[in-house]
Structure formats: structure tokens, C-alpha cells
J.: 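Structure provided below as C-alpha cells; questions to follow.
Any value given below was found using the heavy atoms of this structure, including those in side chains, with hydrogens, waters and symmetry copies removed.
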Amino acid sequence: MSIRSLVLFLLVASFSNKVLAYCSSPNIYSDAPDPPSSYLKPNPPYCLSGYQFSGSHTCSEWEINSYIDQINTYLSKLSSFVEDAEKFANEAQDFVSEAIRYANCEAKEVKSNIE
């Protein structure tokens, strides 16, 4: 080991508690997803208005298929919202863990300054 390496090693070793005392603050980089109320919920066509009472309707096949497509699109958007919300919740939980580590690190650093 060269003298330069030895000096560097001793220097780092003597300040190791200061070097390790660096605390990185927590960050979160995403925003909460838009709630489902921002999506247009499909309204049933007028031709289905009496269906729940009579069990019959006056809708054409095109009207029924169009309504079913609107429902499927809406459900797909809700499913995406749930996935985005779960991802955000996981990132928020990671932020909480980082915040706890940060607070503990800062507390240890402050304590080391008075000991």
C-alpha cells in the first residue's frame, strides 16, 4: 500500500461517521391519478327506460351494441384508474419508508453532534 493510499484511508476512516451521516431527503415523483368521476359514465339509451319494469325494450341492435361498447370503454377506464391508483399507493408507501429512514438518519446525525 502506498503512503498516499494509507493517508487517504486514514483520512476517510477518521471522518467515516461524517461521511456516512449524509441523509438523503425522500422524494415522490408522481401525482395521484384522476378520480373516476372525471370519466363520462355512460347513460342508458331512452329505449331502455322501461326495461326494468316490463322486461322489454324498443332499442335497435345498433343502440344496444353502442351502449355495451360505451360500458366496456368506461369499465376499461375504471380498470386503468385502479391500476394507476395502486401504483401511486405503492409509490406513496415507498415515500413513507424513505421519510422514516430520513428522519432516523437526521436524528442520529444530530445526536452524534452532542456526544
J.: Taking only residues two or more places apart in sequence, or in another chain, which ones meet Ser49 in a side-chain hydrogen bond (donor to acceptor under 3.5 Å, both in side chains)?
T.: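 Here no residue qualifies.
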J.: Taking only residues two or more places apart in sequence or in another chain, which ones pass side-chain hydrogen bond (donor to acceptor under 3.5 Å, both in side chains) with Glu91?
T.: Ser30
J.: With sequence neighbours excluded, tell me which residues meet side-chain hydrogen bond (donor to acceptor under 3.5 Å, both in side chains) with Ser24.
T.: none
J.: Nearest 0.5 Å, what's the CD-OG distance between Glu106 and Ser25?
T.: 9.0 Å
J.: Please report the interatomic distance NZ(Lys108) to NZ(Lys111), rounded to the nearest 0.5 Å.
T.: 9.0 Å
J.: How many angstroms lie between atom CG of Leu75 and atom CD1 of Ile68, to the nearest 0.5 angstrom?
T.: 11.5 Å
J.: Tell me, please, which residues at least two apart from Gln93 pass side-chain contact (heavy atoms from CB on, under 4.5 Å).
T.: Val96, Ser97
J.: Quick one, Val110 and Ile114 - any side-chain contact, counting heavy atoms below 4.5 Å?
T.: no
J.: Measure the CD1-CG distance between Ile64 and Leu48 for me, rounded to the nearest 0.5 Å.
T.: 4.5 Å
J.: Would you please name every residue forming a side-chain hydrogen bond (donor to acceptor under 3.5 Å, both in side chains) with Asn27, sequence neighbours left out?
T.: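 Applying side-chain hydrogen bond (donor to acceptor under 3.5 Å, both in side chains) to Asn27 gives Tyr29.
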J.: List for me each residue that meets side-chain contact (heavy atoms from CB on, under 4.5 Å) alongside Gln70, sequence neighbours excluded, and say none if there are none.
T.: Pro42, Ser66, Tyr67
J.: Sequence neighbours left out, what passes side-chain contact (heavy atoms from CB on, under 4.5 Å) with Glu63? Give chain and number order.
T.: Cys47, Cys59, Ser60
J.: In the hydrophobic cluster built from side-chain contacts under 4.5 Å, what are the other members alongside Phe95?
T.: Ile28, Phe88
J.: Who clusters with Trp62? Use side-chain heavy atoms, under 4.5 angstrom, across I, L, V, M, F, W and Y, and order the result by chain and number.
T.: none
